[in-house]
> 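Before I ask anything, let me first share the structure, which is written out below as structure tokens.
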Protein chains: 2
Amino acid sequence: MPRPATVSPDRILAAAAAEFAERGYAGARVDRIARKARVNKAMLYYHFGSKQALYRALLRNTFAVVAARLQHIASSDRPAAEHIDQVVDTLAMFVSEHRHFPAIMLREIADGATHLDRETVRALAALPATVAGIVQQGITRRELRTIHPLVAYLTVLAPIVMFLAGTPIRKELAAEHVAGAANLTTAVFLSQLKDVMRRAFALTPSERIR
Amino acid sequence: MPRPATVSPDRILAAAAAEFAERGYAGARVDRIARKARVNKAMLYYHFGSKQALYRALLRNTFAVVAARLQHIASSDRPAAEHIDQVVDTLAMFVSEHRHFPAIMLREIADGATHLDRETVRALAALPATVAGIVQQGITRRELRTIHPLVAYLTVLAPIVMFLAGTPIRKELAAEHVAGAANLTTAVFLSQLKDVMRRAFALTPSERIR
DNA sequence: GTCTATACTTCGATAGAC
DNA sequence: GTCTATCGAAGTATAGAC
């Protein structure tokens with residue numbers, strides 16, 4: 001007898017993602033998460049123990065999945081420039097399936113990991129470590145110019161995350177007539193960003209000769 | 001008789017910046033802001049009316065100042081590439097004086113401007129509008145390649161803000177041995193970022209001919 | 001303008017029955 | 001595993017004296 005696809009803990013995690021993304025750790029309400037997940041609040045505590053433990057479980061979970069997907073890129077036998085494109089696309093794809101990820105990430109940076117334990121921090125660390133590793137591989141192979149891998153990580157990831165988390169505020173800006181705020185689609189953004197990143201990390205012709 | 005340099009409302013705003021940056025709107029505590037500002041809580045309500053009004057006042061204030069500083073860049077008679085450097089430096093300088101700005105900005109993006117009124121949104125809008133304007137000027141003068149000005153805005157600003165807001169979490173990552181997390185200074189970051197942005201927005205030789 | 005005391009509300013968490 | 005009812009802590013805000 002197959003279990004229903006979304007069993008309680010999973011539904012709770014999904015509801016928690018929405019609530020924590022929308023309101024932040026402090027603004028999130030356990031009652032609201034339980035209601036969104038259509039479980040009793042006592043049930044939530046039965047499965048996760050506390051608001052904090054639920055938050056940590058959500059973050060470990062989410063970051064483990066992104067990092068795992070990015071890991072595949074490093075092992076594929078493609079030019080480094082293409083790896084960068086794949087990082088952008090993989091991130092964008094992941095977010096299209098986990099719409100609450102960007103806001104949670106922005107909030108966690110602002111929070112400075114205050115609500116996290118060591119194990120969860122380790123899970124978060126896999127994201128920069130993986131992207132930095134991909135960049136470092138390109139540099140070592142002399143396909144990308146020398147750059148601090150974390151600078152490259154931030155240069156690629158920060159705009160994506162901010163763009164995707166920023167959809168609501170971009171609508172507000174469009175209402176205040178900020179030029180271009182109304183007509184910037186995700187597709188245009190991603191394609192221009194990939195172009196920008198290629199130019200930013202490519203070896204110049206003179207560097208290529210050596 | 002000159003008033004003391006930091007009169008009550010200013011001290012309250014400074015304390016509010018620290019508190020809202022560290023904990024977010026929902027996590028911020030009015031009592032804590034009052035204590036940090038060394039004013040009575042009733043005094044805070046006397047001056048600002050509510051937690052929300054205080055938050056809005058802080059944001060209007062802060063964003064008006066950044067935008068004003070950036071406005072100067074557009075009117076200076078320098079090459080567009082230099083304008084981009086100046087945007088980076090101006091933002092970095094502003095943050096060195098307003099250390100709580102990056103975290104507040106990340107949180108406000110994640111919040112989607114929910115706690116703001118129209119006037120405050122307008123104040124926030126000045127930041128992307130100004131940077132996009134500087135980029136657009138460079139494109140019009142055929143000194144930068146064609147790019148959506150908001151893509152350029154996000155490409156420049158997102159990494160800076162995330163880097164500067166991310167100092168606490170970067171220390172956590174360093175403790176978990178993420179390569180390079182321990183040795184990335186602000187100076188190195190800014191200089192590499194400027195380099196990245198120049199390459200990203202520069203006209204290619206063939207484009208320059210036309 | 002400044003302070004003390006407190007009203008009112010919301011929230012995280014649990015006890016205890018089933 | 002599931003639910004109802006509720007406790008106790010914290011939080012925003014204000015009344016009212018000075």
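Convention: sequence-line order gives letters A, B, ...; per-chain numbering from 1.
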> Is B/Asp111 salt-bridged to A/Arg107, going by a charged N under 4.0 Å from an acidic O?
yes
> Does NZ or CZ of A/Lys41 fall inside the cone over A/Tyr46's six-membered ring, less than 6.0 Å from its centre and within 45° of the axis?
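Relative to the ring axis of A/Tyr46, which defines the angle, A/Lys41 lies outside at least one limit.
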> Would you kindly give the CG-to-C1' distance between B/Asn40 and C/dT6, to the nearest whole Å?
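It works out to 14 Å between those atoms.
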> State, yes or no, whether a side-chain contact exists between B/Arg198 and B/Asp85 at a heavy-atom distance under 4.5 Å.
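Answer yes - side chains close enough.
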> Pairs in or reaching into residues 169-198 of chain B: which pass ring pair (Phe, Tyr, Trp, His ring centres under 6.0 Å), with residues at least two apart or in two chains?
B/Phe163-B/Phe189
> Give the rounded distance in Å between these two atoms: OH of B/Tyr46 and P of C/dT2.
8 Å
> Got a salt bridge between B/Asp31 and B/Arg35, using NZ or NE/NH1/NH2 to carboxylate O under 4.0 Å?
no
> Does this structure show an ion pair linking A/Arg69 with A/Asp89, if we count only N-O contacts that are shorter than 4.0 Å?
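A/Asp89 and A/Arg69: not salt-bridged.
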> Measure the distance from CZ on A/Arg35 to P on C/dC11 and round it to the nearest whole Å.
10 Å
> Could you write nucleotides 11-18 of chain D as a row of B, S and -, 5' to 3', where a protein heavy atom under 4.0 Å of any base atom gives B, of only sugar-phosphate atoms gives S, and otherwise -?
SBBB----
> Which dot-bracket notation, 5' to 3', represents the base pairing of DNA chain C when pairs are defined as Watson-Crick or G-U with both distances under 3.5 Å, crossing pairs as [ ], and inter-strand pairs as |?
||||||||||||||||||
> Any carboxylate oxygen within less than 4.0 angstrom of a Lys/Arg side-chain nitrogen, looking at A/Arg118 and B/Glu176?
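Salt bridge present between A/Arg118 and B/Glu176.
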> Within the 4.5 Å heavy-atom criterion, are B/Phe20 and B/Leu54 side-chain neighbours or not?
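The answer is yes, as the side chains (C-beta and beyond) meet within the 4.5 Å cut-off.
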